[in-house]
2 protein chains.
Amino acid sequence: MTTSTDSDHLLDLLKASGARITKPRRVIVRILAEKGGQHPDAMDIFRRAVREDSRISLPTVYRTLKVLEEQGAIQRHAFSDGRSRYEPAAGEHHDHLIDMDTGDVIEFHSEKIEQLQEEIARELGYEIVHHRLELYGRKRKAGKRR
Amino acid sequence: MTTSTDSDHLLDLLKASGARITKPRRVIVRILAEKGGQHPDAMDIFRRAVREDSRISLPTVYRTLKVLEEQGAIQRHAFSDGRSRYEPAAGEHHDHLIDMDTGDVIEFHSEKIEQLQEEIARELGYEIVHHRLELYGRKRKAGKRR
DNA sequence: GAGCAGATGATAATGATTTTCAATACTGCA
DNA sequence: TGCAGTATTGAAAATCATTATCATCTGCTC
Ligand SMILES: [Mn+2]
Ligand SMILES: [Mn+2]
Ligand SMILES: [Zn+2]
Ligand SMILES: [Zn+2]
């Protein structure tokens with residue numbers, strides 16, 4: 001169980017930024033550090049948070065997420081489903097493949113693609129600040145000819 | 001001036017789907033087929049439309065855009081600025097580089113990247129239905145070392 | 001433990017997009 | 001060309017996710 005550690009890391013980032021460590025923030029940060037069910041949206045987090053402390057409000061969830069994002073502690077993604085989804089910014093950069101049937105989010109990374117992107121931007125006279133690469137697909141059915 | 005032709009093409013697609021060719025639709029389609037100022041959002045289109053026919057309403061703009069999208073006549077993009085942006089689905093597939101300072105949208109295409117995406121999805125057991133690749137950057141300043 | 005700035009919850013506000021619904025205008029047909 | 005019947009429209013209200021307001025509360029420093 002690395003839960004405690006990851007959670008503490010987020011709290012440290014918060015503290016370092018001069019923010020106060022409040023009860024709601026403890027709960028929200030703990031949820032973000034949880035292993036299963038990644039890329040939750042604000043409502044997902046809110047629902048889980050309420051289970052731990054029924055007084056927590058949705059605005060506080062949003063406010064905490066915003067602070068964490070500004071601190072670079074978490075990342076916000078806007079997949080094509082309206083809401084924003086969040087994930088701790090721990091690991092290295094990666095992009096996402098979204099299962100259109102289940103909604104599952106699969107992470108991947110291609111150094112080749114990353115480099116090609118840089119190359120393209122350079123040729124166009126630009127410097128990439130950030131990018132977004134999302135693949136939307138469905139599981140390949142068995143019988144693949146060829 | 002290919003304007004007339006492009007516009008007519010969109011109208012044909014509409015007609016083919018059994019939709020009625022109304023005055024507002026003519027105006028909106030004409031605007032979408034215009035050459036300059038591409039990737040307009042609904043409000044952009046609405047403002048231009050009102051100039052041609054002050055009776056046109058925003059909901060009608062949205063409704064027409066939706067019909068056109070369902071017909072595959074136009075594509076909707078959700079760049080990271082809240083609103084959706086539209087463009088005729090005429091040409092070949094391409095991705096976008098957004099100038100973070102000016103908001104300019106530059107189109108590009110990399111067959112290599114497209115193939116790498118397919119490869120990655122296949123390895124993960126998926127078939128790509130569609131994808132989204134957006135580069136956000138700023139113009140590279142002169143003095144580039146190296 | 002007191003004091004105060006920052007944080008919270010309840011509630012209203014936003015902004016983009018969609019829905020409702022009565023009035024209107026395309027279209028195919030007489 | 002005239003009409004009926006239905007798709008489409010405009011005005012206004014509703015949605016949805018997210019943010020702002022503001023009075024109250026609470027970490028945190030001394
Ligand atoms: Mn991820
Ligand atoms: Mn484009
Ligand atoms: Zn990437
Ligand atoms: Zn592409």
Side-chain angles (χ1 to χ4, degrees), chain A residues 8 10-31 39-47 49-71 73-86 103, chain B residues 10-32 39-47 49-71 73-86 103:
Chain A
D8 288 349
L10 290 180
L11 286 180
D12 286 344
L13 288 176
L14 267 186
K15 202 173 301 180
S17 78
R20 292 180 182 174
I21 305 306
T22 67
K23 194 167 195 173
R25 284 179 177 171
R26 269 181 221 286
V27 173
I28 294 168
V29 150
R30 193 177 304 137
I31 291 172
H39 305 94
D41 61 32
M43 186 51 85
D44 289 334
I45 296 169
F46 173 61
R47 277 189 288 256
V50 165
R51 267 186 258 148
E52 300 198 36
D53 180 343
S54 67
R55 276 161 298 183
I56 291 178
S57 69
L58 227 205
T60 289
V61 169
Y62 275 109
R63 280 185 292 236
T64 299
L65 288 172
K66 176 172 289 184
V67 174
L68 286 168
E69 192 195 355
E70 287 168 346
Q71 246 47 56
I74 64 175
Q75 264 186 281
R76 167 165 49 176
H77 301 295
F79 298 151
S80 57
D81 60 8
R83 330 105 288 143
S84 288
R85 302 179 161 281
Y86 305 80
Chain B
L10 290 180
L11 285 181
D12 286 343
L13 288 176
L14 268 186
K15 202 172 302 180
S17 78
R20 291 178 182 176
I21 305 306
T22 66
K23 195 170 198 173
R25 285 178 176 171
R26 268 182 222 286
V27 173
I28 293 168
V29 150
R30 193 178 302 135
I31 291 171
L32 283 168
H39 305 97
D41 60 35
M43 188 50 86
D44 289 334
I45 296 169
F46 173 62
R47 276 190 288 257
V50 165
R51 266 186 257 147
E52 300 198 35
D53 180 342
S54 66
R55 275 161 299 183
I56 291 178
S57 69
L58 226 205
T60 289
V61 170
Y62 276 108
R63 280 185 291 236
T64 300
L65 289 172
K66 175 171 290 185
V67 175
L68 286 168
E69 192 194 356
E70 287 166 347
Q71 245 46 57
I74 64 174
Q75 263 186 279
R76 167 165 48 177
H77 301 295
F79 299 151
S80 57
D81 60 7
R83 297 137 273 168
S84 289
R85 303 179 159 281
Y86 306 79

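Chain naming here is simple, since letters A, B, ... match the order of the sequence lines and numbering starts at 1 in each.
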Asks: Take atom CD of B:E69 and atom P of C:dT17, then tell me their distance rounded to the nearest Å.
Replies: 11 Å
Asks: Within residues 11-24 of chain B, find the residues that approach DNA chain C with a heavy atom at under 4.0 Å, and present them sorted by residue number.
Replies: B:R20, B:I21
Asks: Check A:L13 against A:Q71 and note the closest heavy-atom contact, atom names and distance.
Replies: O-CG, 3.7 Å
Asks: Measure NE2/B:H77 against C1'/C:dT17 and give the value in whole Å, please.
Replies: 18 Å
Asks: Residues in salt bridge (charged side-chain N to carboxylate O under 4.0 Å, His left out) with A:R85, at least two apart?
Replies: A:D81
Asks: Using the test side-chain hydrogen bond (donor to acceptor under 3.5 Å, both in side chains), find all partners of B:H77 that sit at least two apart in sequence or belong to another chain.
Replies: B:E87
Asks: Rounded to 10°, tell me the angle between the two end axes of the helix from C:dG1-D:dC30 to C:dA30-D:dT1, each built from five pairs.
Replies: 30°
Asks: Without decimals, in angstroms, what is the distance between B:D41 CG and C:dA16 P?
Replies: 8 Å
Asks: Mind checking side-chain hydrogen bond (donor to acceptor under 3.5 Å, both in side chains) for B:D12 and listing every partner two or more places apart, or none if nothing turns up?
Replies: none
Asks: Where is the tightest heavy-atom contact between A:A42 and A:L58, given as atom of each residue plus distance?
Replies: O-CD2, 4.3 Å
Asks: What is the distance, rounded to the nearest whole Å, between atom CD1 of B:I56 and atom P of C:dA25?
Replies: 13 Å
Asks: Under 4.0 Å between a side-chain N/O of B:T60 and OP1 or OP2 of D:dG10, yes or no?
Replies: yes
Asks: Starting at atom CZ of B:R83, determine the distance to atom P of D:dT18, rounded to an integer number of angstrom.
Replies: 17 Å
Asks: Just jot down the side-chain hydrogen bond (donor to acceptor under 3.5 Å, both in side chains) partners of B:T60, sequence neighbours excluded, or say none.
Replies: B:S57, B:R63
Asks: Tell me the interatomic distance from B:D81, atom CG, to C:dG15, atom P, rounded to whole angstroms.
Replies: 15 Å
Asks: Take atom CD1 of B:I45 and atom P of C:dA16, then tell me their distance rounded to the nearest Å.
Replies: 14 Å
Asks: Kindly write out the residues that satisfy salt bridge (charged side-chain N to carboxylate O under 4.0 Å, His left out) with B:D53, not counting sequence neighbours, or none if the list is empty.
Replies: B:R55
Asks: Who are the salt bridge (charged side-chain N to carboxylate O under 4.0 Å, His left out) partners of A:E70, not counting sequence neighbours?
Replies: none
Asks: Send over the distance from B:F46 CZ to C:dG15 C1', rounded to a whole Å.
Replies: 15 Å
Asks: Only counting residues at least two apart or in another chain, list the ones meeting side-chain hydrogen bond (donor to acceptor under 3.5 Å, both in side chains) with A:Q75.
Replies: none
Asks: Check salt bridge (charged side-chain N to carboxylate O under 4.0 Å, His left out) between B:R83 and all other residues, then give those that pass, not counting sequence neighbours.
Replies: B:D41
Asks: Could you pull out all donor-acceptor pairs under 3.5 Å where a side-chain atom in residues 17-28 of chain B meets a protein atom, sequence neighbours excluded?
Replies:
{"residue": "B:S17", "atom": "OG", "partner": "B:L14", "partner atom": "O", "Å": "2.7"}
{"residue": "B:T22", "atom": "OG1", "partner": "B:R25", "partner atom": "N", "Å": "3.4"}
{"residue": "B:R25", "atom": "NH1", "partner": "B:R20", "partner atom": "O", "Å": "2.9"}

Asks: Under 3.5 Å between N/O atoms: give me all the protein pairs with nucleotides 19-21 of chain D, atom names plus distance.
Replies:
{"residue": "D:dT21", "atom": "O4", "partner": "A:R63", "partner atom": "NH1", "Å": "3.4"}

